[in-house]
> 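Handing you this structure, nothing more for now.
Remember, it's 1-based here, ligands and their atoms both numbered in the order they're listed.
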Amino acid sequence: MNKNIYLDHAATTYVKKEVLNEMMPYFSKKFGNPSAIYKLGDENKNIVNLARERVARALNAKPTEIYFTGCGSESDNWALKGIAFANKDKGNHIITTCIEHAAILKSCEFLEKLGFEITYLSVDKYGRIDLDELKNTIKETTILISVMFANNEIGTIEPVKEIAQIAKEHNIYFHTDAVQAVGNVKIDVKELGVDMLSLSGHKLYGPKGIGALYIKEGTNIEKLIHGGGQELGKRAGTENVPSIVGLGKAMEIAYRDFDKNNSKILALREYFITEVEKRIPDVKLNGHRKLRLPGNINFSFNGVDGGTLLEMLNLHGISASSGSACSARNVKPSHVLKAIGLDDNTIKSSLRFSLGVENTKGDIDYVLTILEKEVYKLRKI
Ligand SMILES: *Cc1c(COP(=O)(O)O)cnc(C)c1O
């Protein structure tokens with residue numbers, strides 16, 4: 001029984017074969033510096049720009065609006081600090097939410113120490129922000145709104161288009177952390193009206209250590225990494241060519257295969273949720289029933305210690321998560337589950353299962369059987 005069922009795609013994904021194949025030559029034979037003028041360099045400049053075009057096409061952006069970064073965290077840091085530093089003469093107020101990823105929350109804490117004022121919007125029991133609260137929070141000094149596209153723990157999708165509209169009416173920049181959404185949700189930055197959008201390679205079957213920030217033309221943003229003139233002079237550092245190639249390919253195939261994968265994963269999610277609710281008494285699905293990422297499942301199993309359940313699943317070859325990866329080994333209860341109103345015991349009984357393209361109905365049937373058995377055993381103790 002050497003099962004190996006990976007249900008933690010929100011933490012990271014494997015690199016798809018097609019992606020890896022395109023990356024490989026750029027580690028060895030095609031190693032030139034894209035800034036060099038000879039052929040070896042020039043070819044790499046072209047390949048970086050091809051990747052930029054692929055990312056742009058997937059988001060309906062212009063290639064000149066796509067900037068490669070070192071990770072999703074860097075994209076988030078850049079958006080917040082870059083807007084704060086460049087626009088501090090206009091105001092010092094930033095609005096975000098209390099359910100953001102640490103890359104946003106810690107950047108906000110840092111900016112608070114520098115004299116910026118941060119408002120953290122609350123969320124309802126599903127994890128959605130209230131647009132009226134947002135409107136009431138905006139003031140003269142507000143320079144930026146940053147609200148995640150979809151939450152990494154409970155999968156809830158935020159009303160991004162409506163937020164962008166409100167931001168625009170008040171002449172305020174709007175950034176969205178779309179690291180969980182890109183590849184899993186169709187995204188058109190022009191149609192949404194966002195000014196900045198963060199994404200990361202390793203959440204969409206691309207490599208780790210590569211991200212991108214969409215920055216709408218004309219946005220007044222300071223740089224985070226000073227140095228050479230790479231990335232249109234906005235982000236210094238010799239390009240991570242293999243990973244940029246990988247991210248470009250991953251974006252291309254995520255949307256090429258979108259409909260097929262999306263309907264498959266959605267069907268598996270619905271099956272998983274329905275079966276858990278049918279077979280295991282006293283469970284609670286966290287997040288919104290419909291407005292959620294296709295692959296996200298988050299359940300509280302009343303009376304069960306989530307950490308112990310996770311270990312039991314692990315013994316059966318099942319990888320899931322008790323929250324976000326960054327806090328999986330952290331004893332602090334999830335700030336997201338707290339924000340949607342769960343008490344500490346319910347939070348401790350919660351697990352996240354995040355589905356991916358390689359999961360099958362057979363996998364889910366196996367997981368359901370183990371889950372039912374282990375929850376039953378743990379509740380008897
Ligand atoms: C994973 C994640 C990040 C961080 O991306 P990295 O590339 O791992 O730095 C940021 N925001 C959200 C919502 C994420 O899920």
> Looking only at protein heavy atoms, which one is nearest to atom 3 (C) of ligand 1, and how far off is it?
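Sorting protein heavy atoms by distance from atom 3 (C) of ligand 1 puts H101 NE2, 3.5 Å first.
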> Are T142 and H170 linked by a side-chain donor-acceptor pair shorter than 3.5 Å?
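Note: T142 and H170 side chains miss the donor-acceptor criterion.
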> Counting each atom of ligand 1 from 1 as listed, which ones have a heavy atom of D76 under 4.0 Å away?
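Per the distance check, 10 (C), 11 (N).
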> Heavy-atom contacts under 4.0 Å between H202 and ligand 1: side chain, backbone, both, or neither?
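Only the side chain of H202 comes within reach of ligand 1.
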> Indicate yes or no: does K338 engage D343 in a salt bridge with an N to O separation below 4.0 Å.
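Judged by the 4.0 Å cut-off on N to carboxylate O distance, K338 and D343 do not form a salt bridge.
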> Passes ring-ring contact (aromatic ring centres under 6.0 Å, His included), Y14 versus Y205? Steps please.
CA-CA 5 Å; Y14 64 94; Y205 307 94; 5.3 Å; yes
> Could you tell me whether R54 and E22 make a salt bridge, using a distance below 4.0 angstrom between a side-chain N and a carboxylate O?
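The answer is yes: the pair qualifies as a salt bridge.
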> Starting from atom 13 (C) of ligand 1, what is the nearest protein heavy atom, named by residue and atom, and what distance separates them?
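So the nearest neighbour among protein heavy atoms is D177 OD2, 3.4 Å.
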> I want to know if ligand 1 touches S200 in the polar sense, i.e. an N/O pair below 3.5 angstrom.
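So ligand 1 has an N or O lying under 3.5 Å from an N or O of S200.
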> Quick check on contacts: which atoms of ligand 1 are under 4.0 angstrom from a heavy atom of K203?
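Numbered from 1, ligand 1 contributes 1 (C), 2 (C), 3 (C), 14 (C), 15 (O).
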> Below a 4.0 angstrom heavy-atom separation, can you tell me which part of E74, side chain or backbone, both or neither, approaches ligand 1?
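Neither part.
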> Give me the nearest non-hydrogen protein atom to atom 9 (O) of ligand 1 as residue plus atom name, then the distance to 0.1 Å.
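Nearest neighbour among protein heavy atoms for atom 9 (O) of ligand 1, to 0.1 Å: S73 OG, 2.7 Å.
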> Answer with yes or no whether the side chains of S300 and N286 bring together a donor and an acceptor at under 3.5 Å.
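N286 vs S300: donor-acceptor pair found between side chains.
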> Check E270 with K290, please: is the shortest side-chain N to carboxylate O separation under 4.0 Å?
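Answer for the salt bridge query: no.
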> Between G70, S75, G72, flag the one that comes closest to atom 5 (O) of ligand 1 by a heavy atom.
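When every heavy atom of G70, S75, G72 is considered, G72 comes closest to atom 5 (O) of ligand 1.
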> Please report the closest heavy-atom contact between H175 and S146, naming both atoms and the distance.
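So the minimum-distance heavy-atom pair works out to ND1-OG, 2.9 Å.
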